[in-house]
Amino acid sequence: MFKQPVIITCAINGHRTTRAIAPVPFTPVEQAKSAQEAVRNGAAIIHLHVRDNNGEECFEPERYC
């Protein structure tokens with residue numbers, strides 16, 4: 001068995017995924033809970049897509065603060 005370190009990345013929601021497709025976290029609170037769960041289970045990096053109030057992917061700079 002290999003003994004090299006591994007970095008686990010967890011993508012907690014999809015690029016254009018909607019809840020009709022999968023139960024992904026959209027709100028900041030949902031994303032925080034999902035990220036915490038991923039870290040508890042070994043993730044070192046969280047990858048996510050910021051959402052607007054309707055759950056759509058958002059590129060507004062103020063949403064990233």
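Model, not experiment: these values are computed from the prediction.
- Summarising the local packing, CD1 of I7 is surrounded by 12 or fewer heavy atoms from other residues, nucleotides or ligands at distances under 6.0 Å.
- Evaluation of the side-chain contact (heavy atoms from CB on, under 4.5 Å) rule for I46 yields C10, I12, A35, A38, V39, A43, L48 as partners, not counting sequence neighbours.
- Listed by first and then second residue, the salt bridge (Lys or Arg N to Asp or Glu O under 4.0 Å) pairs involving residues 9-18 amount to none (not counting sequence neighbours).
- Through chains of ILVMFWY side-chain contacts below 4.5 Å, V6 is grouped with I8.
- Partners of R63 according to the salt bridge (charged side-chain N to carboxylate O under 4.0 Å, His left out) rule, which considers only residues two or more places apart in sequence or in another chain, do not exist here.
- Rounding to the nearest 0.5 Å gives a distance of 8.0 Å between OG of S34 and CG of N13.
- Each salt bridge (Lys or Arg N to Asp or Glu O under 4.0 Å) pair with one or both residues in residues 17-31, not counting sequence neighbours, appears once here: R19-E30.
- For A22, the side-chain contact (heavy atoms from CB on, under 4.5 Å) partners are T17, V24, not counting sequence neighbours.
- Residue pairs meeting the side-chain hydrogen bond (donor to acceptor under 3.5 Å, both in side chains) criterion with at least one partner in residues 42-52, sequence neighbours excluded, are H47-H49, H49-E57.
- For E37, there are no salt bridge (charged side-chain N to carboxylate O under 4.0 Å, His left out) partners two or more places apart in sequence or in a different chain.
- For E62, the side-chain contact (heavy atoms from CB on, under 4.5 Å) partners at least two apart in sequence or on another chain are E60.
- Annotation: side-chain hydrogen bond (donor to acceptor under 3.5 Å, both in side chains) contacts of N41 (sequence neighbours excluded): none.
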